[in-house]
Amino acid sequence: MWDYFKLIALALITLLAAIAANYARDPAYMVNALTVMLAAGGVFLWSVRRVGEPKAATPQNEYFDGVVRAGVIATSLWGVVGFLVGVIIAFQLAFPVLNWEWAQGFTNFGRLRPLHTSAVIFAFGGNALIATSFYVVQRTSAARLWGGNLGWFVFWGYQLFIVLAATGYVLGATQSKEYAEPEWYVDWWLTIVWLSYLAVFLGTIIKRREPHIYVANWFYLGFIITVAMLHVFNNLSIPVSIFGSKSVQVFSGVQDAMVQWWYGHNAVGFFLTAGFLGMMYYFVPKQAERPVYSYKLSIIHFWALIFLYIWAGPHHLHYTALPDWAATLGMVFSIMLWMPSWGGMINGLMTLSGAWDKLRTDPVIRMMVVSIGFYGMSTFEGPMMSIKAVNSLSHYTDWTIGHVHSGALGWNGMITFGALYYMTPKLWNRAGLYSLKLVSWHFWLATIGIVLYASAMWVSGIMEGLMWREVDSNGFLVNAFADTVVAKHPMLVVRGIGGLMFLTGGIIMCYNLWMTVRAQPEQASDNAFVPAE
């Protein structure tokens, strides 16, 4: 009965998407509607061919790792795509001729920049979070993922969201809201997928066989719930037409700015921090073969981070129309965030107590340790930059770009690479990674690339801030904006080179993981567990 209901639903979606494409008022909407039509139609045909086939019994004593394996593949591939687009736009800023006029604007910086941020944050980072959370929650709960094939719906539904968002950006469909670029119909689809993700994760925790909920699952759950709330409120909008991509925001003016940066900063705080801390609290102890240094500190870290981070967004709006008390409140909470953040960093680093010798022989643990170091550095620099006196110099400059990328590449990127290197041999039952030497090459290329990138942007940003505020004896500005553009050209080139090194490391990782699956000898699976009675 369920199969027939699913077929009817898929047929209706295919038909409605075809109608929407026919009446589309703009190219982005038409392409997105055709994408949905092809996706739903393809699944419909695949499902029709399977009707009546005997279904294999689901082994309840094995983890549901098929979706995790797909997540590892998607994370690796989307990562390379996101890094590649980042390198392209970095060199476009250094050499504007690369904004190819013959491409009719489809590949200029304005359209590729949101494509880069979404590809790295949501495609690379989001797939990493979904894959690792599904891996971790099963192992720490001694339970198979709840919901049966709902896990597959989450994975494929999320890939469809990525494709819809990316094609929309290139064709000009965007809300122009930082980290919240997709238009209304893509937001609706993501809400359905995300609530399904929450159901799968929470359902697995509820049916767990372990009495204790491991701290990594607290971080993952906090990230999933908070991102759902942020996404819904920041994307409240009214479509201009049901057959067009354009929408009008419910909030306007300073209220819209306040909601946007409540969302924007907490997208960093929960999507790029809390979720990846869940990764740290599982994979660092596993790779180091040591218990978490202080479990009590990890709980304090969680609750302090959750309570403080949600208030920090207004510091993005210093010296704007936002009331001064609100911006100051955001600044105070940002400064307070330094303490729990460094508590978590210390907890992660001290987990290696008694295992520091592994840094000499294990490039994967080296990668994880460097990621924790970048987490500590970024969570010190962020509160410092929220202080009004510092913000008056740093805001709207490349310093902010350097800060964001030292966190995104150094913290999020490196801990994800470490998790992928840990999971791949276990998910495919291989004896080990194909080449630790290639991991070492990846480590050094990524680390040097990040240092070049961030250093260039710090120098460029501070120089910009100083040039913009320089006045002569009569109080007139000394430098035009174009003067700062010319002065920072060498730093823009260095930034592009650093990004290219990071991209090269990502390509090496993909090759290493592929060869691990293809060439390494198989070993006995540890995928089974004792099912609940």
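Computed from a prediction, not measured in an experiment: that's the story for all the values here.
Inspection of the Arg469 and Ser392 side chains reveals an N or O donor paired with an N or O acceptor under 3.5 Å. At a cut-off of 3.5 Å, with distance as the only test, no side-chain donor of His231 or Tyr263 sits close to an acceptor on the other residue.
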Residues 248-259, side-chain donor-acceptor partners within the protein, below 3.5 Å, at least two apart:
{"residue": "Gln249", "atom": "NE2", "partner": "Gln175", "partner atom": "OE1", "Å": "3.0"}
{"residue": "Asp256", "atom": "OD1", "partner": "Lys177", "partner atom": "NZ", "Å": "2.8"}

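Ring pair His301/Phe219: centre-to-centre distance below 6.0 Å. Ring-centre distance between Tyr197 and Phe134: below the 6.0 Å cut-off. For Trp411 and Tyr375, the gap between ring centers is short of 6.0 Å. In this structure, the ring of Tyr179 has its center no less than 6.0 angstrom from the ring center of His265. A ring-centre distance under 6.0 Å is not found for His395 and Tyr319. Taking the six-membered ring for Trp and the full ring otherwise, the centers of Phe276 and Phe271 sit at least 6.0 Å from each other.
The line from OH of Tyr220 to CD1 of Ile130 is 11.0 Å long, rounded to the nearest 0.5 Å.
Among Phe161, Phe223, Phe201, the single residue meeting the ring-ring contact (aromatic ring centres under 6.0 Å, His included) criterion with Trp194 is Phe223.
For Arg366 and Phe443, the positive end sits near the middle of the six-membered ring, less than 6.0 Å away and at most 45° from its axis.
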Exercise. Before giving the answer on ring pair (Phe, Tyr, Trp, His ring centres under 6.0 Å), spell out for Trp188 and Tyr185 the whole-Å C-alpha distance, their side-chain angles and the decisive distance to 0.1 Å.
Key: CA-CA 5 Å; Trp188 287 6; Tyr185 52 92; 8.9 Å; no
Practice problem: Could you check Trp189 against Phe153 for ring pair (Phe, Tyr, Trp, His ring centres under 6.0 Å), going step by step and ending with a plain yes or no? | Solution: CA-CA 12 Å; Trp189 175 247; Phe153 171 79; 5.7 Å; yes
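Not a single salt bridge (Lys or Arg N to Asp or Glu O under 4.0 Å) links Lys246 to another residue, sequence neighbours left out. Remark: Glu178 engages Arg113 in a salt bridge (Lys or Arg N to Asp or Glu O under 4.0 Å) (not counting sequence neighbours).
In this structure, Tyr422 and Phe283 have perpendicular ring planes: the angle between them is above 60°, well past the 30° mark.
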